[in-house]
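A short worksheet on the structure shown next.
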2 protein chains.
Amino acid sequence: MMPARPPPGAYAVVVPAPRSASVADPVASAAARASKHEDRRDQLAESALVTLGKLGYAKTSLREIAQHSPFSHGVVHYYFSSKEELITYCVRYYKRTCVTRYDAIVASSTSDDELRTRFAAKLAETIREEGPMHQLWYDLRNQSMFEPALREVVLDIDGQLEEMIWRVVTRYAELAGRPPALDPATTYGMLDGLFAQTLLLWATGPAGRREDALSVLTGRVDSLLPSLLA
Amino acid sequence: MMPARPPPGAYAVVVPAPRSASVADPVASAAARASKHEDRRDQLAESALVTLGKLGYAKTSLREIAQHSPFSHGVVHYYFSSKEELITYCVRYYKRTCVTRYDAIVASSTSDDELRTRFAAKLAETIREEGPMHQLWYDLRNQSMFEPALREVVLDIDGQLEEMIWRVVTRYAELAGRPPALDPATTYGMLDGLFAQTLLLWATGPAGRREDALSVLTGRVDSLLPSLLA
DNA sequence: CCGACATCTTGACGACTGTCAAGACAAACT
DNA sequence: AGTTTGTCTTGACAGTCGTCAAGATGTCGG
């Protein structure tokens with residue numbers, strides 16, 4: 001599930017990866033170099049995601065990304081051929097940790113009521129914990145309507161999100177002993193609409209009302225899920 | 001409902017508004033000037049909306065807007081104090097013709113089945129006819145999460161859209177003799193999610209599949225509406 | 001007809017962007 | 001050791017952006 005390489009470690013200063021004595025091992029060292037290269041890419045992607053989540057796709061420049069990373073603005077073109085490649089790499093990087101968000105709940109819940117409650121609560125929690133990332137996702141999904149370069153990766157991830165929701169609903173249906181009432185796409189579209197609606201309130205509303213919006217979402221989803229079954 | 005002034009008439013060359021003989025009438029002429037000023041603002045807003053719908057908020061520059069209008073790029077700052085003011089003016093201008101889109105159907109439908117069918121069909125039709133405008137709306141709504149200057153107008157219009165949908169659903173409930181099952185916000189959020197989902201497919205999918213996406217939306221909404229009633 | 005005014009064009013400004021080349025620096029190899 | 005190689009910084013480039021000022025053009029009141 002998670003990549004074999006250790007996580008890039010946010011902002012950790014250069015870890016030279018202790019070489020085994022001074023023995024010459026060309027293949028191992030080449031592999032280590034490649035691995036470090038990948039780590040740097042991930043590290044840059046993480047920095048970029050933070051900035052992108054804060055400023056949005058349109059107002060995020062490569063210099064701004066570099067300024068919130070341990071590097072200078074020139075490095076980006078050493079690890080990525082263009083801004084576009086960095087962005088799409090970021091989206092895919094983000095997806096890796098995102099499309100399995102509810103799988104633990106699906107696997108460990110033992111009754112339909114438990115799954116329903118925990119899923120509804122998790123929806124609110126992920127807005128609270130990763131709000132800017134979700135803002136970024138909706139931003140990029142919309143930009144894909146104007147920017148063809150984003151379409152492939154966006155449609156790919158949107159499909160995976162739909163599957164993620166469908167895993168929740170089918171398991172819920174299984175536990176409840178009733179089949180789903182709607183097809184995967186419709187189910188996803190409806191829930192996604194409620195999620196996006198709450199995210200907008202959460203992001204734009206006054207700080208004091210943020211938690212209100214989240215608990216409203218939880219309540220709505222909690223009471224809506226049963227009617228998604230036949 | 002509609003403004004008293006005649007529509008700005010897309011790209012019509014200067015209409016000097018025939019002055020009544022050569023009689024001096026300061027107050028009338030001042031009014032005519034003010035009216036012409038407003039017409040120019042609307043005209044610029046229309047040009048801007050076309051460009052915004054095509055390129056999206058991020059990639060639309062004032063020069064690009066002016067290039068697709070009968071004016072040069074300097075005029076914008078004669079009629080608007082800043083880009084930001086132009087954009088928000090555009091959004092409000094667009095709203096005027098938008099939030100009453102289904103009212104005719106609500107008023108003229110005589111049975112729940114008719115209202116349901118016509119509403120579902122109209123949803124698809126407005127994507128087909130005004131796709132870029134809807135793309136722009138979702139773009140701006142998202143940008144409002146990053147750009148505080150957009151929040152007020154976006155939340156305002158979003159509320160009006162919710163009311164628009166609620167007028168449809170309450171009338172539908174009335175004709176069907178059953179009360180709505182959900183609150184206005186939840187109803188709007190769900191339907192908006194399905195709408196946005198279809199718009200994304202319509203805008204990014206291959207041209208050959210556009211109509212498919214629209215008919216799928218029609219079918220979904222048509223079969224979903226009954227379950228929105230208790 | 002002339003002066004006053006509204007309107008519009010043109011050209012410039014400083015700031016910012018993505019991209020890239022030249023070089024600094026250090027680690028690794030022979 | 002010296003030299004190659006990978007990594008990163010710096011500075012510059014061409015272009016675009018919003019904004020504004022100066023002036024051309026047109027319109028109207030007297």
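Each chain gets a letter, A, B and so on, in the order its sequence line appears, and its residues count up from 1. Just so it is clear, the model here is predicted, and its values are computed rather than measured.
- For B:L55 and D:dC17, the CG to C1' distance is 14 Å, given to the nearest whole Å.
- If you find the closest nucleotide of DNA chain C to A:G74 and to B:V75, the one lying nearer the 5' end belongs to B:V75.
- Rounded to a whole Å, the CG atom of B:L86 is 15 Å from the P atom of D:dC17.
- Each of A:H73 and A:Y78 has a nearest nucleotide on DNA chain D; the 5'-most of these lies closest to A:Y78.
- Separation of atoms NZ (A:K95) and SG (A:C90) is listed at 13.0 Å; rounding is to 0.5 Å.
- The phosphate of C:dT19 has neither OP1 nor OP2 within less than 4.0 Å of any side-chain N or O from A:R63.
- Nucleotide C:dT7 holds its P atom 7 Å from the NE2 atom of B:H37, rounded to whole Å.
- Relative ring orientation between B:H134 and B:F195 is described as perpendicular, the plane-to-plane angle rising above 60° on a 0-90° scale split at 30° and 60°.
- Ion pairing between a basic and an acidic side chain is recognised when a charged N comes within 4.0 Å of a carboxylate O; B:K59 and B:E64 show no such pairing.
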Query raised in the report: Can you list the steps and then say if A:R92 with A:Y89 is a side-chain contact (heavy atoms from CB on, under 4.5 Å)?
Result: CA-CA 5 Å; A:R92 295 200 182 276; A:Y89 186 88; 6.0 Å; no
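- Checking A:K59 against A:S81, the closest nucleotide of DNA chain C that is more toward the 5' end is the one next to A:K59.
- Per the geometry, CD belonging to B:E38 stands 16 Å off P belonging to C:dA6, to the nearest Å.
- Nucleotide D:dT19 holds its P atom 11 Å from the CD atom of B:E85, rounded to whole Å.
- Neither OP1 nor OP2 of C:dC16 sits under 4.0 Å from any side-chain N or O of A:S61.
- When distances run from any side-chain atom of B:F71 to the nucleotides D:dT10, D:dG18, C:dT9, the shortest one goes to C:dT9.
- Between B:H77 atom NE2 and D:dC17 atom P there is a gap of 13 Å when expressed in whole angstrom units.
- Look at NZ on A:K83: it is 8 Å from C1' on C:dG18, rounded to the nearest Å.
- For A:Y79 and D:dT7, the shortest distance from a side-chain N or O to OP1 or OP2 is not below 4.0 Å.
- Of the charged side-chain nitrogens involved, none lies within less than 4.0 Å of a carboxylate oxygen, so that B:R128 and B:E125 do not count as a salt-bridged pair.
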